[in-house]
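Some notes on the structure that comes next.
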Amino acid sequence: MLNNTQIRQCLDTMAEMFPDAEGELVHSNPFELVIAVLLSAQCTDKLVNKVTADLFKKYKTPEDYLAVPLEEVENDIRSIGLYRSKAKNIQKLCRTLIDNYNGEVPQTKEELVKLAGVGRKTANVVASIAFNEPSIAVDTHVERVSKRLGICRWKDSVVEVENTLMRKVPREEWSVTHHRMIFFGRYHCKARNPNCPECPLLELCREGKKRMKKIG
DNA sequence: CTCCCGATAT
DNA sequence: ATATCAGGAG
């Protein structure tokens, strides 16, 4: 496990590597953000942006998604994986927004997770980006990077990873740290072929050193 | 735990 | 061919 000084070093290094780390899902309001993040499950944000470019021109409000049959929404998001459940969740979510929230996106995580297709990670992202609530959404990258570096344990659940990060990282750095860890995981500490040979954190990385021995 | 699932990189 | 991608529901 890394100590506090080592974790600080990780955060600073990631800040140097990715000073402009930000969310990459294109959106122009909280409603579009919720749809985009919902669509992004098990899918690259690049592909989500390709689909939402047309989607957000066609559907502006929750009413718009409910005005067409489910099959039409499915077709409009077909190129994204898991399109049947996502289309169903979108219509369900829109129905809830109209019935319970006056057509607006609720602003707290507790309300957000009640929406169809919105789990803990999506709620954290929306609360953080759209409503400025400090949060650390643990996605596949944040989880992988935290475990490889030794910020948390391999067997930790995503909730445990989230709690550990919130304890170890100052609150005012939660949101930016979340984005930097994603960039670090997406472009450097990749799932498939992590760039350990050129990693500035190699000396303190448990998994990196183990991997370097294998490579030679 | 399994299932949902197309696009992309390796 | 196969692993992986800003996960969530049942």
Proximal nucleotide (of C:dA6, C:dG7, C:dA9) relative to the A:Thr122 side chain
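My answer, after comparing the listed nucleotides, is C:dG7.
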
To the side chain of A:Ala191, which of C:dT4, C:dG10, C:dG7 is closest?
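Nearest listed nucleotide: C:dT4.
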
Could you encode protein contacts along nucleotides 5-10 of chain B as a string, one character per nucleotide from 5' to 3', using B for base contact, S for sugar-phosphate-only contact and - for no contact, with a heavy-atom cut-off of under 4.0 Å?
BBSSBB

Please report the distance, rounded to the nearest Å, between [atom1] in [X] and [atom2] in [N].
X	N	atom1	atom2	result
A:Phe183	C:dC5	CZ	C1'	15 Å
A:Leu93	C:dG7	CG	P	17 Å
A:Lys88	C:dG7	NZ	P	21 Å
A:Ile77	C:dG8	CD1	C1'	14 Å
A:Phe184	C:dA6	CZ	P	16 Å
A:Asp45	C:dC5	CG	C1'	9 Å
A:Glu143	C:dC5	CD	P	10 Å
A:Ile90	B:dC4	CD1	P	19 Å

So what does [X] hit on the nucleic acid, given a heavy-atom distance under 4.0 Å: a base, only sugar-phosphate, or nothing?
X	value
A:Leu115	sugar-phosphate
A:Val37	nothing
A:Leu38	nothing
A:Val158	nothing

Does anything in residues 186-207 of chain A form a ring-ring contact (aromatic ring centres under 6.0 Å, His included)? List the pairs, not counting sequence neighbours.
A:Phe183-A:Tyr187, A:Phe184-A:His188

Crowded around A:Glu72 CD? As in, over 12 foreign heavy atoms under 6.0 Å?
yes

More than 12 heavy atoms of other groups within 6.0 Å of A:Glu71 CD:
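For A:Glu71, atom CD is crowded (more than 12 foreign heavy atoms under 6.0 Å).
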
Does A:Arg186 make a side-chain N or O approach to OP1 or OP2 of C:dA6 shorter than 4.0 Å?
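So the side-chain polar atoms of A:Arg186 do come within 4.0 Å of the phosphate oxygens OP1 or OP2 of C:dA6, strictly under.
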
Who pairs with A:Asn29 by side-chain contact (heavy atoms from CB on, under 4.5 Å), at least two apart in sequence or on another chain?
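By the side-chain contact (heavy atoms from CB on, under 4.5 Å) rule, A:Asn29 matches A:Phe31, A:Glu32.
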
Can you give the donor-acceptor pairs under 3.5 Å from side chains of residues 125-134 of chain A to other protein atoms, not counting sequence neighbours?
{"unit_1": "A:Ser128", "atom_1": "OG", "unit_2": "A:Ser175", "atom_2": "OG", "d": "3.0"}

Pick the nucleotide of DNA chain C nearest each of A:Gly117 and A:Ser40; which residue has the one closer to the 5' end?
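Final value for this comparison: A:Ser40.
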
Please output the side-chain donor-acceptor pairs of residues 81-88 of chain A that fall under 3.5 Å, not counting sequence neighbours, one pair per line with the distance.
{"unit_1": "A:Tyr83", "atom_1": "OH", "unit_2": "A:Arg78", "atom_2": "NH1", "d": "2.6"}
{"unit_1": "A:Ser85", "atom_1": "OG", "unit_2": "A:Leu82", "atom_2": "O", "d": "3.3"}
{"unit_1": "A:Lys86", "atom_1": "NZ", "unit_2": "A:Leu39", "atom_2": "O", "d": "2.7"}
{"unit_1": "A:Lys86", "atom_1": "NZ", "unit_2": "A:Ala41", "atom_2": "O", "d": "2.9"}
{"unit_1": "A:Lys86", "atom_1": "NZ", "unit_2": "A:Gly81", "atom_2": "O", "d": "3.1"}

Pick the P atom in C:dA6 and in B:dC4, then give their distance to the nearest Å.
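So the two P atoms sit 22 Å from each other.
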
B:dA7 and C:dG8: how far apart are their P atoms, nearest whole angstrom?
22 Å

Under a 3.5 Å threshold, yes or no: a donor from one side chain and an acceptor from the other, between A:Asn195 and A:Lys190?
no

Other than A:Trp154, what residues sit in its cluster of Ile, Leu, Val, Met, Phe, Trp and Tyr side chains whose heavy atoms are under 4.5 Å apart, directly or through others?
none

